[in-house]
Amino acid sequence: MAHHPADETSEYDVARIQEKWQAIWDDLQPFSTRDDGDKRPRKYVLDMFPYPSGDLHMGHAEAYALGDIIARYWRQQGFNVLHPIGWDSFGLPAENAAIKRGIDPRPWTEDNIAQQKKSMKQYAASFDWDRVLHTSDPGFYRWNQWLFLKMFESGLAYRKASWVNWCPKDQTVLANEQVVDGACERCGTTVVKKKLTQWYFKITDYADRLLDDLNQLEGFWPAKVLAMQRNWIGRSQGADVDFLIEGRDEPLSVFTTRPDTLFGATFMVVAPDSELAAELVAGASTEVQENFAAYLADVQKNTEIERQDASREKTGVFLDRWAINPVNGERVPIWSADYVLADYGHGAIMAVPAHDQRDLDFARKFDLPVRVVVDTNAPITGAIPIIVDGELPDDLPPLDPAGTGVALAGDGRMINSGPLDGLSKSNAIARMIELLESNGTGRRATNFRLRDWLISRQRFWGTPIPIIHAHDGSLIPVPDEQLPLELPSAEGLDLSPKGTSPLGGDAEWMSVTNPVDGTPAQRDPDTMDTFVDSSWYFLRFLNPNDPTQAFDPREAEKWAPVDQYIGGVTHAILHLLYARFITKVLYDMGYVTFTEPFSALLNQGMVLMDGSAMSKSKGNLVRLSEQIEEHGVDAIRLTMAFAGPPEDDIDWADVAPHASAKFLARAWRLARDVTSAPDVEWKNGDRDLRRVTHQLLADAPGLIEAFKFNVVVARIMELVNATRKAIDSGPGGADPAVREAAETVALCLSLFAPYTAEEMWEALGYPPTVALYGWRKADPTLLVADSVTCVVQVDGKLRDRLKVSPSIAPAELERLARALPAVARTVGDREIANVIVRAPRLVNLVTRQRGETSPSQ
RNA sequence: GCCCCCGUAGCCCAAUUGGCAGAGGCAGACGACUUAAAAUCGUCACAGUGAGGGUUCGACCCCCUCCGGGGGCACCA
C-alpha cells in the first residue's frame, strides 16, 4: 500500500489518470526517434495517414489502436521503432467544405488537423511527434512536384487525349480505379465518358513487375489483398495476329488468348469509339458512314453501367470492309460493336463465335457464320470428357453452338484447322504462335486489364502540376529553383465545379514567363490526384522537414521499407498499387534499394453498429469522443483489441466497453494490493501463480506477432484472475509471485491500455515509463508442469485420465493405461488390436472382436 | 458466371495446426457484502463445432457434395 502517493484517491479515476500521463509523456517524449547513435535494431511501423475531415471516428480508433499495439510491442522487444503520423490533407472534402462555407480550404484543413492531433494524443498513440507532415504543406508538395518532373523526364508522365471517366457532380475526371460499378467512388454519381487531354503516369510499363513481385509478399500481406491486386492487374497471355485489310496498306493487329481458334474466325469487330473504326468507315459508302455515325452517337449516350451489362443484347454495325485471315486466306467481314473496348489490346478482335460466348451472341444476332474448330467432345489426357470403360459416353453434347447458343469454351482436339488438326488446345496455341511467328503475321503477346494512371484533376485543392505550356504548345518543366509552385489563395476564385480547373480562373497565377525563351506562357491549370501524395509519403517521414530533398536515401537505407503497414482494406487496390508502382520507379532511378514499400500489411476490419456501417443518415453513429468520455481511452483501445481478430469487422453492439473498463480497474487494483517491495525475490513466490505468469511471458510475443491481440488480452485476464485469487484466498498480497504477476500485467497492458499500465507501474514503485521498460523473458523451468493429464481412449472414445510425469516413457504410460479399471471394463473380452501412444498426452487402445484378424468389413 | 474467405454455447470469440471442444468476455442464474441499491467478490449453468459423406486409431482441423453469410473480378478478346 505504500507505493502510491497518499494524496491520490484510491479510486480508479480515468479522467485524472489520462490528464496526468499526457503531461508526463509530452515532457519525456518517449517515442521520439531522433538519436542517431541509437544502436538498437530498427522497425518502421506505419499507420495509413488520415484524411482530416472532422475529428477522429471509431474507424480511426480501431486502426490506431492496432497499429499502436504493434509499435509498442516492438519497442518493448528492444527495437528502435519509427512510428510517425501525418495528414493526407489535400482533396475533395476540404474543397467541398470550402465551397459550401465560401472559405479557403486551408483554415478548415488546419482546424481539423489540430483537432485530430489533440485527439490522437489523448488516445495515447505512441507517435513520434517530431516527424509530422501534411500533404497540403508546400514543404511536402514541392517534392510531389519534384517526383512529377522526374517522371516527366523519364517519359513516365505524359499527356494524351482519350475518353476519360467524368463525374458530372464533382466535375472532374476520375481514374479507372475510382469508378465503382460505373459510378463515382466518392459521390455515387453515374460516370460518363468525355474526351479530354490529361496527364497520365505510365503504370502499365510496370504491370509485369507489379504482378510478379506480389509473390514476395505472399504470407506477409493478406491473401485477399494479393488476390485483389492480381485481379486488378489482370494479365492475359496470348498472341497478336495481323490481318490484312482490303484497301488498306497497314495490316490490322488483334490480340487473342485463343490463337488456336484462328481457323474459326469468321468476322472481326472493332471498337466504335476507336481511331481505327473512324478510319475504316471513312473509306466506306455514305450509307455505311451514316449508319456508323448513328451507332457511335448511340453508344456514347450509354453510361458505363449500361455498357458493362453483359446480359444486354449485342449491338453493332457492318463497316462494309473486309480482312484476310492470315492462316487460310479467307475474307472475313469487319463489324463495329461496343462489346469491344477501344483501350484494351488493339481495340479490335477476331471473332470466333463457336468458342467465345460474346462472339457467338453477336453472330446469332446478326446471322454470321459459326465454325467449330475444337472438338470439345474428343478425349484429352487429364481432361473431360470422361471415358467410361474405354468407351466415350453416348450422351455427349452436340458440337452445335449456333443451335444451342452456348459457345464451346472447353478443351478438346482441333478440327477444321489444317496443320493444327488433332492437337489439344494448349499444344495448338503453342503451334499456332510458332506458325504466325515464322510467317511474320503474328507473335506472342501479353495484355493487361490495368490502364495507365490518370493523375490530373480539374480541382483546386491539390498539388499544382509543375509544367509550363509555351505558346507553341511545347511542355516545359518548371525550373527546380522556382519550386514549390504554390497554390494561390482561393480568395476571389470560383472553386465550384464547372468542368474546368479553378486555377485557370486566376489569370495572374496562370500567366508565366517561358523560362527557356522569355516569351509569355501559361501554367498548367490542373492539380494532381491525391493518390500521388500518398504513393511516397512513407519516405518523407524519414526527413519530413528537409528543404533540400524529397527524402534522404541514407535514411531510407536505415528505415525503409516499412516493416509493418496497418490500414483499411478499402485501400487494397488503389493506394497500395500506386505506392508499389512509385517505389519501383524510385528504385529504377536509384533513389531506393528496395522494390516493395510495405514488407508486411495488416488490414483492420470496419467498426459497425447493429450490423451496418455507421452513418449519420442511418442514425447508428457512435461517437468516439462520447465513448472515450464514458469509458476512457484505455477501455476503448482494449475493446478494439479484444473484440476479435483484427481483420474481422467489429459490431459495436456486440462488444462491451464497460466490461473493458471494469477489467482495467480490476487490474489496477492488483497493483494497489501488492504489499511487497520491488526488490523481493520472485523465486520465493507461489509456484502456481508464477507458472501462469511465465506461461503468459512465453506465449504473448508469438501471439502478438501473429496479430492474435484478442487472445493476448484473454490471457492477461486469466493472469489477473489468478492473481486476484492469490491475493484474496491464496498466499496473499505479500507473496513475491503476486508482485511479479502484477508487474507482468502492467507490462502486457502497456501495449493495449497505456494509462492503466503507467499508473500500475508507478504504484508498483517504478519510475516512468513502462512503455520503455523491456519485456521479461519467461523462466523455462516454470513452463514445465510437474504432472500432465494423459487422456486414455478406447477406440477413440475418452474413458479415463491419468496424472503422469511429462517425461514418462511410452511403454510405462501404456502399462498404466491398460491397468485402468475403466479401460478394462470397456475393453471387456475384446482383443486389443493396436495401441497408439503419444506420451505424455494420450493413449488410444484400438480393439477388435476376439478371433478376427482384420477389422470387419 | 469465375475466384477467394467464413459458419464452434443466447452473443463476441479461443482451441499448441490431426490428440480431453473452452482460454477470456458479454448477457443470465444463485450467493457474499449492504438498511437497500450500485460497485466489488464468489459459485453455477449453457454448445459437440451449418448439413451429409469420406480418409484416419482419432477430425472443429484434411478431402468431396450441399446449405447459409461475406468479399473480389466480370463484354478485358
Side-chain angles (χ1 to χ4, degrees), chain A residues 11 181 222-232 234-236 238 254-258 261 268-269 271 307-312 314 337-341 343-352 355-359 361-362 409 447-451 569 572-573 638-639 642-645 647-651 653-660 662-663 665-666 669 695-696 699 702-703 708 710-721 724-725 727-729 789-801 832-838 841-848 855:
Chain A
E11 290 306 302
D181 291 334
K224 182 178 160 180
V225 175
L226 295 176
M228 285 165 79
Q229 295 242 332
R230 289 190 177 110
N231 260 339
W232 189 263
R235 180 162 58 195
S236 301
V254 299
F255 174 70
T256 177
T257 55
R258 293 292 305 275
T261 61
M268 296 187 73
V269 185
R307 201 196 57 73
Q308 286 180 6
D309 178 7
S311 64
R312 116 184 185 275
K314 289 279 181 290
D338 69 350
Y339 79 93
V340 172
L341 309 177
D343 60 351
Y344 184 79
H346 302 282
I349 62 158
M350 67 179 210
V352 185
H355 304 288
D356 181 284
Q357 190 61 50
R358 296 155 302 184
D359 297 342
D361 293 344
F362 192 84
N447 259 291
F448 296 90
R449 212 193 74 96
L450 182 70
R451 307 297 150 88
V569 74
I573 297 173
L638 191 78
T639 302
F642 185 52
E647 55 278 5
D648 287 6
D649 291 345
I650 298 173
D651 193 328
D654 289 335
V655 295
H658 67 271
S660 299
K662 184 174 115 178
F663 162 72
R666 189 171 150 85
R669 257 181 271 116
Q695 200 62 57
L696 177 55
D699 294 347
L703 289 169
K708 295 186 174 191
N710 54 329
V711 181
V712 177
V713 174
R715 297 287 301 277
I716 302 171
M717 289 173 169
E718 190 181 10
L719 179 58
V720 167
N721 290 345
R724 183 82 258 156
K725 205 167 215 163
I727 293 169
D728 289 350
S729 54
T789 303
C790 175
V791 179
V792 182
Q793 298 176 336
V794 177
D795 294 321
K797 288 207 169 54
L798 176 69
R799 293 303 175 193
D800 206 349
R801 295 182 171 88
I832 292 175
N834 193 10
V835 183
I836 290 101
V837 183
R838 294 281 177 276
R841 292 278 171 204
L842 174 133
V843 176
N844 186 14
L845 303 166
V846 186
T847 69
R848 68 170 169 236

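Chain naming here is simple, since letters A, B, ... match the order of the sequence lines and numbering starts at 1 in each.
Comparing B/rA77, B/rC20, B/rC13 against the side chain of A/R801 picks out B/rC20 as the nearest. With B/rG24, B/rA77, B/rU43 as the candidates, the nucleotide lying closest to the side chain of A/T257 is B/rA77. Taking every side-chain heavy atom of A/I573 into account, B/rC73 is the closest of B/rC73, B/rC57, B/rA23. Proximity note for A/F642 (side chain, C-beta onward) versus B/rA77, B/rG25, B/rG72: the nearest is B/rG25. In the set B/rG42, B/rC13, B/rA27, B/rA27 carries the atom at the smallest distance from any side-chain atom of A/H658. Out of B/rC75, B/rC41, B/rG71, the shortest distance to the side chain of A/K224 is found at B/rG71.
Across the protein-nucleic acid pair, A/D651 atom CG and B/rG70 atom C1' stand 14 Å apart, rounded to whole Å. Atom C1' of nucleotide B/rC2 and atom CD of A/Q357 are separated by 14 Å, given to the nearest angstrom. Note: CZ (A/F448) to C1' (B/rA77) measures 15 Å, nearest angstrom. Protein atom CG of A/D795 is 9 Å distant from nucleotide atom P of B/rG58, rounded to whole Å. In this structure, CZ of A/R235 is placed 20 Å from P of B/rC3, rounded to the nearest angstrom.
Atoms CG and NZ, on A/D338 and A/K314 in that order, are 8.5 Å from each other to the nearest 0.5 Å.
OP1 and OP2 of B/rC12 both lie 4.0 Å or more from every side-chain N or O belonging to A/N710. OP1 or OP2 of B/rA15 sits under 4.0 Å from a side-chain N or O of A/K708. Side-chain N/O atoms of A/R666 include one lying less than 4.0 angstrom from OP1 or OP2 on B/rC41. Note on A/K662: a side-chain N or O is less than 4.0 Å away from OP1 or OP2 of B/rC26. A sub-4.0 Å separation between OP1 or OP2 of B/rA77 and a side-chain N or O of A/S236 is present. At the phosphate of B/rU16, neither OP1 nor OP2 sits under 4.0 Å from any side-chain N or O atom of A/R715. Residue A/N844 places none of its side-chain N or O atoms closer than 4.0 Å to OP1 or OP2 of B/rU56.
Nucleic acid contact for A/A659: sugar-phosphate only, since backbone atoms but no base atoms lie under 4.0 Å from a heavy atom of the residue. Using a 4.0 Å heavy-atom distance criterion, A/K797 is classed as making no nucleic acid contact. Here A/V791 lies in heavy-atom contact (under 4.0 Å) with a base. A/D359 comes within contact range of no nucleotide atom at all, as no heavy-atom separation falls under 4.0 Å. Within the 4.0 angstrom heavy-atom criterion, base atoms lie near A/V340. A/S729 comes within contact range of no nucleotide atom at all, as no heavy-atom separation falls under 4.0 Å. Among the atoms of the strands shown, none is found under 4.0 Å from any heavy atom of A/L798.
Summarising the base pairing, B/rG58 is matched to no nucleotide, lacking a Watson-Crick or G-U wobble pair whose two defining distances lie under 3.5 Å. The partner of B/rA9 is absent, by the rule that a Watson-Crick or G-U pair needs both atom distances under 3.5 Å. With a cut-off of 3.5 Å on both Watson-Crick or G-U wobble distances, the partner of B/rA23 is given as none. The partner of B/rA14, taking Watson-Crick or G-U wobble pairs whose two distances both stay under 3.5 Å, does not exist in any strand shown. Look at B/rC73: its Watson-Crick or wobble partner, with both distances under 3.5 angstrom, is B/rG1. Base pairing analysis places B/rA29 opposite B/rU43; the two distances defining the Watson-Crick or G-U wobble pair are each below 3.5 Å. Base pairing annotation: B/rU34 forms no Watson-Crick or G-U wobble pair, as no partner gives both donor-acceptor distances under 3.5 Å.
With a 4.5 Å cut-off on side-chain heavy atoms, A/F642 and A/V655 do not count as touching. Between A/D651 and A/D649, every side-chain heavy-atom pair lies at or beyond the 4.5 Å cut-off.
With its glycosidic angle more than 90° from 0, B/rG50 adopts the anti conformation. In this entry the base of B/rU17 is syn relative to its sugar, with a glycosidic angle within 90° of 0.
A/F255 and A/Y344 have perpendicular rings, their planes meeting at more than 60° on a 0 to 90° scale where under 30° would count as parallel.
For A/R841, the CZ atom counts as loosely surrounded, since its 6.0 Å shell holds 12 or fewer non-hydrogen atoms of other residues, nucleotides or ligands.
Here the closest heavy-atom approach between residue A/S236 and residue A/T257 is recorded as CB-CG2, 3.9 Å.
Annotation: of the two residues near RNA chain B, A/D649 and A/D728, the 5′-most nearest-nucleotide partner is A/D649. Comparing A/F255 and A/K725 by the nucleotide of RNA chain B whose heavy atom lies nearest to each, the residue mapping closer to the 5' end is A/K725.
Taking the P atom of each, B/rA45 and B/rG54 are spaced 35 Å apart, rounded to whole Å. Look at the P atom in both B/rU16 and B/rG7: the space between them is 13 Å, to the nearest Å.
A/N231 contributes no side-chain N or O that forms a donor-acceptor pair with the base of B/rC73 under 3.5 Å. A donor-acceptor contact under 3.5 Å is formed by the side chain of A/Q793 with the base of B/rG19.
Under the 4.0 Å criterion applied to side-chain N and carboxylate O atoms, A/D359 and A/R258 are not assigned as salt-bridge partners.
Remark: A/R724 engages A/D673, A/D728 in a salt bridge (charged side-chain N to carboxylate O under 4.0 Å, His left out) (not counting sequence neighbours).
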